[in-house]
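This one's a predicted model, so the numbers in the text were calculated from it and none came from an experiment.
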Amino acid sequence: MKLLILSDIHANHDALRAVPEDYDELWVLGDLVNYGPEPAEAVAWVRARASLVVQGNHDHAVAHDDDTTWSPRYRALSEATRRYTSSVLSTADKAYLGSLPERAEAEREGTTFHLLHGTPADPLRGRWPADETAWAALLAGIEADVLLCGHSHVPMLKQVGGKVVLNPGSVGQPRNGRAGGSYAVWQDGTFTLRAFEYPVEDTIGKIDALPLKLETRAELAAILRTGTV
């Protein structure tokens with residue numbers, strides 16, 4: 001069995017279509033929307049293909065028209081793109097985002113998986129502490145062999161107290177210092193983190209056409225070009 005694991009698509013349909021893999025199952029770890037120019041297309045792509053999807057904080061915000069929980073660093077970008085996203089998504093798409101679970105569990109070929117967007121303590125918004133010695137406590141209630149998470153936009157694969165913790169990085173809004181997307185594959189019991197290229201300037205052209213302030217569009221473009229915030 002080959003699992004394709006994606007996270008943090010952020011309405012970047014160009015990147016989503018460029019993921020260069022076939023697969024037996026597709027799992028998505030949240031944040032289908034916001035920041036990018038094509039939220040409806042991204043949601044439709046995931047709905048048609050993914051067998052497991054968990055909710056991210058941006059999915060929750062769009063589903064509930066809620067701008068109260070953004071961190072100060074991302075507040076302006078999140079509020080502006082949330083309003084745009086909400087204006088173009090259908091009622092059915094918003095209901096789909098709102099219906100996504102905060103957690104999911106699965107077993108494949110004898111390996112058990114726990115899926116969420118953030119951390120076990122805060123599945124929507126939690127961030128892993130810089131001190132990795134604190135991670136074992138966060139994982140204490142997780143019975144699965146593997147914890148799959150997103151939210152940071154930075155790929156990660158670690159062994160913590162006998163469990164695997166994996167973050168595939170971001171498909172559509174990288175923050176690991178390089179343009180292009182990232183994802184993970186699980187096959188024959190082994191995880192691989194992978195990167196890919198897509199037509200970044202095409203996506204930036206679509207962002208430039210959005211009804212957003214010039215400085216908002218410029219910041220979104222810079223993140224896609226550099227992979228930094």
Is Leu116 close to Leu147 at the side-chain level, that is, under 4.5 Å between some pair of heavy atoms?
-> yes
Could you walk me through whether Asp24 and Leu3 pass side-chain contact (heavy atoms from CB on, under 4.5 Å), step by step?
-> CA-CA 6 Å; Asp24 295 307; Leu3 300 178; 5.9 Å; no
Met1 side chain near Tyr23 side chain, heavy-atom distance below 4.5 Å = no
Do the non-hydrogen side-chain atoms of Leu224 and Tyr198 ever get within less than 4.5 Å of each other?
-> yes
Distance only, no hydrogens: is a donor on one side chain within 3.5 Å (strictly under) of an acceptor on the other, for Tyr35 and Ser78?
-> yes
Treat each ILVMFWY residue as a node, draw an edge where side-chain heavy atoms are under 4.5 Å apart, and state whether Val146 and Trp128 are in one component.
-> no
Can you name the one residue among Leu16, Val28, Leu32 that meets side chain to side chain contact (heavy atoms under 4.5 Å, CB included) with Trp45?
-> Leu16
In short, Ala144 meets Phe113 closest at the heavy-atom pair CB-C, 3.7 Å
Determine whether Leu29 and Pro168 make a side-chain contact, defined as any pair of heavy atoms from C-beta on separated by less than 4.5 Å.
-> yes
Glu25 and Lys2: side-chain contact (heavy atoms from CB on, under 4.5 Å), yes or no, with the steps?
-> CA-CA 7 Å; Glu25 281 193 62; Lys2 183 177 181 180; over 6 Å; no
Please list, chain by chain and in numerical order, all residues satisfying salt bridge (charged side-chain N to carboxylate O under 4.0 Å, His left out) with Arg49, sequence neighbours excluded.
-> none
For Lys213, does the NZ atom have more than 12 heavy-atom neighbours from other residues, nucleotides or ligands under 6.0 Å away?
-> no
Taking Asp31 as the fixed residue, which of His151, His117, Gln173 is the one that meets the side-chain hydrogen bond (donor to acceptor under 3.5 Å, both in side chains) rule?
-> His117
Which pairs count as salt bridge (charged side-chain N to carboxylate O under 4.0 Å, His left out) when at least one residue sits in residues 147-168, sequence neighbours excluded?
-> Glu132-Lys158
Please check if the side chain of Asn12 supplies one atom and the backbone of Ile9 the other of a donor-acceptor pair under 3.5 Å.
-> no
Criterion side-chain contact (heavy atoms from CB on, under 4.5 Å) on Met156 and Val165, from CA distance to verdict | CA-CA 8 Å; Met156 174 187 71; Val165 181; 3.6 Å; yes
Atom CG in Leu4, atom CG in Leu6: separation rounded to 0.5 Å?
-> 4.5 Å
Return yes if a side-chain donor-acceptor contact under 3.5 Å exists between His114 and Glu105, otherwise no.
-> yes
In terms of ring plane angle, is the pair Trp186 and Phe191 parallel, tilted or perpendicular, where the classes change at 30° and 60°?
-> tilted
Any Lys/Arg nitrogen of Asp8 or Arg175 sitting under 4.0 Å from an Asp/Glu carboxylate oxygen of the other?
-> no
So Arg125 and Glu102, salt bridge (Lys or Arg N to Asp or Glu O under 4.0 Å) or not? Walk me through it.
-> CA-CA 10 Å; Arg125 302 173 188 88; Glu102 292 186 3; over 6 Å; no
Work out which heavy atom in Pro129 is nearest to a heavy atom in Leu138; give both atom names and the distance.
-> CD-CD1, 3.7 Å
Report yes if some heavy atom in the side chain of Leu77 is under 4.5 Å from a heavy atom in the side chain of Thr216; otherwise report no.
-> yes
